[in-house]
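Data first, discussion second: the structure below is written as structure tokens.
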Amino acid sequence: MHRRPRLSTLVATAVAAAGLAVSAAPASAAPFVATLEAPNHTPKAGGTDWRITVTVRSPSGRPRRATATYQFLYNGQVVATRYPNPGHRRSGKRPYAFRGRYRDTILWPKRAAGYTLTFRVVVAVRGQGRENLDWRVRVRR
């Protein structure tokens, strides 16, 4: 004759199996932590400075060497790619290399006014991958 297991036995077995499944998963930390700081989500078009700060550190807090590229997305599609060039008004010609942190000023063109865009900083650390830092903006006049 077959006996049905008690409910408490089933619950205990399920909890034990869940514990095994969680502990069997590798506990891998991300190789780096990247952040983007910006003053707001409504930059003003036409010459007003919008200052950003990009930071890349190891999980323990040490500065990492990285490169950065800007992408501008409209409805999820990349419509423009630019290269940071802090301290200069013109865009650079290749991804900007930095260590730990850099600050830059974004000048939004007047033709961007009224659109909701995603400003993306693509941060890449050699041998450890890349991360997209997205910041939604609605450019105002």
Side-chain angles (χ1 to χ4, degrees), residues 2-141:
H2 182 53
R3 278 182 45 200
R4 268 199 266 178
R6 294 172 52 191
L7 183 59
S8 61
T9 306
L10 288 174
V11 170
T13 304
V15 168
L20 289 175
V22 170
S23 64
S28 61
F32 62 92
V33 178
T35 60
L36 167 63
E37 296 175 28
N40 55 44
H41 292 274
T42 55
K44 190 171 180 182
T48 302
D49 294 350
W50 193 65
R51 291 182 171 85
I52 64 164
T53 303
V54 176
T55 306
V56 179
R57 302 206 178 276
S58 69
S60 64
R62 299 184 70 160
R64 303 299 306 247
R65 291 183 189 271
T67 61
T69 303
Y70 298 153
Q71 292 180 338
F72 299 87
L73 290 82
Y74 178 72
N75 286 337
Q77 295 284 2
V78 176
V79 294
T81 300
R82 299 289 181 266
Y83 301 107
N85 198 5
H88 299 87
R89 291 288 187 193
R90 293 189 171 270
S91 178
K93 296 184 189 286
R94 62 173 96 79
Y96 181 70
F98 66 101
R99 184 175 186 269
R101 176 176 77 173
Y102 79 92
R103 292 184 174 113
D104 198 4
T105 300
I106 308 298
L107 301 175
W108 293 90
K110 289 183 180 179
R111 68 180 179 271
Y115 291 100
T116 300
L117 304 169
T118 300
F119 172 69
R120 173 178 286 171
V121 180
V122 181
V123 176
V125 175
R126 186 182 303 178
Q128 299 195 346
R130 60 181 47 206
E131 187 172 333
N132 294 335
L133 306 175
D134 289 352
W135 192 273
R136 302 231 345 140
V137 296
R138 178 153 180 97
V139 183
R140 59 190 167 94
R141 293 193 193 279

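Note that the numbering runs from 1 along the sequence shown for the chain. Scope of the values below: all heavy atoms of this structure, side chains included, with no hydrogens, waters or symmetry mates.
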Taking every non-hydrogen atom, the tightest pair across A68 and P84: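 A68 and P84 have their closest heavy atoms at O-CD, 3.2 Å.
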Report yes if the side chains of S91 and N85 come closer than 4.5 Å at any heavy-atom pair, otherwise no.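 No, side chains not in contact.
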Salt bridge (Lys or Arg N to Asp or Glu O under 4.0 Å) partners of residues 66-80, not counting sequence neighbours, each pair once: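 Checked against salt bridge (Lys or Arg N to Asp or Glu O under 4.0 Å) - neighbours excluded - no pair reaches residues 66-80.
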Tell me, which pairs form a salt bridge (Lys or Arg N to Asp or Glu O under 4.0 Å) where one or both residues lie in residues 60-82, sequence neighbours left out?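 Residue pairs with at least one partner in residues 60-82: there are none.
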Sequence neighbours excluded, which residues qualify as salt bridge (charged side-chain N to carboxylate O under 4.0 Å, His left out) partners of R51?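 Checked R51 against salt bridge (charged side-chain N to carboxylate O under 4.0 Å, His left out); matches are D49.
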Once side chain to side chain donor-acceptor pair (under 3.5 Å) is applied, do any residues pair with N132, and if so which ones, sequence neighbours excluded?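 For N132, no residue satisfies side chain to side chain donor-acceptor pair (under 3.5 Å) once neighbours in sequence are set aside.
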Residues forming a ring pair (Phe, Tyr, Trp, His ring centres under 6.0 Å) with Y102, sequence neighbours excluded: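 Testing Y102 for ring pair (Phe, Tyr, Trp, His ring centres under 6.0 Å), a comparison that skips the adjacent residues, returns Y96, F98.
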Side chain to side chain contact (heavy atoms under 4.5 Å, CB included) partners of R94, counting only residues at least two apart: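 Once residues adjacent in sequence are excluded, R94 has no partner under the side chain to side chain contact (heavy atoms under 4.5 Å, CB included) criterion.
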Please tabulate, for side-chain N and O atoms in residues 108-126, each donor-acceptor pair with protein atoms closer than 3.5 Å (sequence neighbours left out).
{"unit_1": "T116", "atom_1": "OG1", "unit_2": "R138", "atom_2": "NH1", "d": "3.0"}
{"unit_1": "R120", "atom_1": "NE", "unit_2": "D134", "atom_2": "OD1", "d": "2.7"}
{"unit_1": "R120", "atom_1": "NH2", "unit_2": "D134", "atom_2": "OD2", "d": "3.1"}

Can you give the donor-acceptor pairs under 3.5 Å from side chains of residues 31-41 to other protein atoms, not counting sequence neighbours?
{"unit_1": "N40", "atom_1": "OD1", "unit_2": "T42", "atom_2": "N", "d": "3.1"}
{"unit_1": "N40", "atom_1": "OD1", "unit_2": "W50", "atom_2": "NE1", "d": "3.1"}
{"unit_1": "H41", "atom_1": "ND1", "unit_2": "W135", "atom_2": "NE1", "d": "3.3"}
{"unit_1": "H41", "atom_1": "ND1", "unit_2": "R136", "atom_2": "O", "d": "2.6"}

